[in-house]
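Residue numbers start from 1 in every chain, and the chains themselves are labelled A, B, ... in the order their sequence lines are given, proteins ahead of strands. Computed from a predicted structure; not experimentally measured.
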Amino acid sequence: MKPSLATPPSSPAAARELQTRLAMRVRLENTLPADVRTVAGLDAGIDRRHRRVRGAAVLCDARSLEPLAVAVAERPIEFPYVPGLLSFRELPALLEALDALPQRPDLLLCDGQGVAHPRRFGLAAHLGVVAELPSIGVAKSRLCGSHAALGPGAGDCVPLYDGEECIGHVLRSRAGCRPLYVSAGHRLDQITALDWVRRCLKGRRLPEPIRLADRLASRRRGASPAAPARRR
DNA sequence: GCGACAG
DNA sequence: ATCTTGTCGC
């Protein structure tokens, strides 16, 4: 049997070896449906007190970016946070949330790296391979790689390199904000990944599907259109 | 040996 | 990730 997901790796070293093996399954050629109708945003939050990780998935209409459905799943934390091994901590909860959606998304947008990772197997790549869905990594900070100076304007972008290899792009999604680190996760190429992230932006730093998932995963209140003012 | 290090 | 006051800007 293969409890690759039911049981977490017994050590960081074992986790790295598993990543190296699974990374061989990553495909960076486009296999996106001719018509992408839905995009799901995924993010996780930590409940320190209960040692639990909460995964959130928000299914959005690919054109309007309006949310169609949401799902949340909680699991006990079974793996520590180790740079480069984030997926072993968050993946179980994220997969459970993904499975709880009423339908399978055409594309996944995940908070974390895609292949912009030491072993080319960040959270988004891992999620894409396991769920067998096209996926994109959108990280709020850099894990590895180097890049040229980035312009200050919204939309400015430079490639992210590890040596000669382009492992993603650094994108100024919004003026005055720190950039996003966008990288392909699975079943699409870097330019297509960048393209979709841009298409999912809605004037905020984070692409809409991830921004919505982020609000669900952390226990912050969501600013509803008519958010009632809290009592003071 | 010394930094760097997704969330 | 999470904590947490003050501050800047529309």
Side-chain angles (χ1 to χ4, degrees), chain A residues 8-9 12-13 15-16 18-19 22-23 26 41-57 72-97 108-130 135-147 152 154 160-163 167-171 173-186 190 193 197 203-207 209-221 223 227 230 232:
Chain A
R16 292 185 189 97
L18 182 54
Q19 286 184 325
L22 291 176
V26 170
L42 301 175
D43 190 26
I46 300 297
D47 183 333
R48 225 171 176 172
R49 315 190 340 169
H50 295 154
R51 305 187 82 188
R52 293 173 73 79
V53 53
R54 163 187 287 191
V72 171
E74 277 192 20
R75 306 252 318 178
I77 294 179
E78 300 170 305
F79 202 86
Y81 169 67
V82 178
L85 303 179
L86 176 65
S87 63
F88 295 102
R89 185 175 172 86
E90 302 191 338
L91 202 65
L94 292 176
L95 275 177
E96 198 170 309
L108 266 29
L109 238 52
C110 318
D111 188 308
Q113 313 289 351
V115 295
H117 177 280
R119 289 164 292 283
R120 306 292 180 267
F121 203 66
L123 174 64
H126 199 156
L127 206 43
V129 164
V130 173
S135 67
I136 299 170
V138 180
K140 298 183 293 298
S141 63
R142 186 190 65 89
L143 174 60
C144 66
S146 59
H147 61 87
L160 178 65
Y161 290 104
D162 184 359
I167 58 176
H169 289 84
V170 185
L171 171 67
S173 55
R174 184 182 180 179
C177 286
R178 284 160 48 232
L180 258 26
Y181 295 77
V182 179
S183 60
H186 188 44
Q190 300 291 8
V197 168
R204 301 277 196 154
R205 183 192 180 212
L206 292 177
I210 289 184
R211 196 178 72 86
L212 295 175
D214 184 67
R215 290 176 2 178
L216 271 182
S218 46
R219 34 107 106 251
R220 286 168 292 171
R221 61 194 170 78
R230 291 132 297 155
R232 188 58 286 262

Worksheet item: Among B:dC5, B:dA6, B:dG7, which is the nearest nucleotide to the side chain of A:H117?
Response: B:dA6
Fill in: pair A:P118-A:L143: side-chain heavy atoms closer than 4.5 Å
yes
Worksheet item: Between atom CG in A:L127 and atom C1' in B:dA6, what is the gap in whole Å?
Response: 14 Å
Response to the item:
Writing each nucleotide of DNA chain B 5' to 3' as (, ), [, ], | or . by Watson-Crick or G-U pairing under 3.5 Å yields .......
Fill in: Atom-pair distance (CZ on A:F88; P on C:dA1), nearest Å
20 Å
Fill in: Heavy-atom pair of closest approach, residues A:A97 and A:A73
N-CB, 3.7 Å
Worksheet item: For A:S141 and B:dG7, is the shortest distance between a side-chain N/O and OP1 or OP2 below 4.0 Å?
Response: yes
Practice prompt. For residues A:V26 and A:A125, report the shortest heavy-atom separation together with the two atoms involved.
Written response: CG2-CB, 4.2 Å
Worksheet item: Is the A:F88 ring parallel, tilted or perpendicular to the A:H126 ring (thresholds 30°, 60°)?
Response: perpendicular
Practice prompt. Report the nucleotide, chosen from B:dA4, B:dG7, C:dA1, that has the shortest atom-to-atom distance to any side-chain atom of A:E90.
Written response: B:dG7
Discussion item. With a sphere of 6.0 Å drawn around CZ of A:R204, does it hold more than 12 non-hydrogen atoms of other residues, nucleotides or ligands?
Written reply: no
Worksheet item: Whole-Å distance between C:dC10 C1' and A:R204 CZ?
Response: 13 Å
Worksheet item: Base, sugar-phosphate, or nothing for A:G137, non-hydrogen atoms under 4.0 angstrom?
Response: nothing
Worksheet item: Taking the side chain of A:L123 as heavy atoms from C-beta outward, which of B:dA6, C:dT2, B:dG7 is closest to it?
Response: B:dA6
Worksheet item: For A:L94, which contact category applies under a 4.0 Å heavy-atom criterion: base, sugar-phosphate, or nothing?
Response: nothing
Practice prompt. Give A:G45 one of three labels, base, sugar-phosphate or nothing, depending on what nucleic acid heavy atoms sit under 4.0 Å from its own.
Written response: sugar-phosphate
Item to complete: Would you indicate, yes or no, if B:dG7 has its OP1 or OP2 atom less than 4.0 angstrom from a side-chain nitrogen or oxygen of A:R89?
Response: no
Worksheet item: What is the distance from CD1 of A:I210 to C1' of C:dA1, rounded to the nearest Å?
Response: 15 Å
Item to complete: Mind calculating the distance between CZ (A:R178) and C1' (B:dA6) to the nearest angstrom?
Response: 12 Å
Response to the item:
Taken to the nearest whole Å, CZ/A:R52 to C1'/C:dA1 is 17 Å
Practice prompt. Please answer whether the main-chain N or O of A:P9 pairs with a side-chain N or O of A:E78 as donor and acceptor at a distance below 3.5 Å.
Written response: no
Discussion item. Using whole Å, what does the distance between atom P of nucleotide C:dT2 and atom CZ of A:R51 come to?
Written reply: 16 Å
Worksheet entry | Value in whole Å for how far the P atom of C:dA1 lies from NZ of A:K140 | 4 Å
Item to complete: Would you check if A:L108 and A:H186 make a side-chain contact, meaning some heavy-atom pair closer than 4.5 Å?
Response: no
Worksheet item: Nearest to the side chain of A:L86 - B:dA6, C:dA1, B:dC5?
Response: B:dA6
Fill in: A:Y81 ring over C:dA1 six-membered base ring, under 5.5 Å and 30°
no
Worksheet item: In a check of side-chain contact (heavy atoms from CB on, under 4.5 Å) between A:L42 and each of A:I210, A:L127, A:L109, which one passes?
Response: A:L127
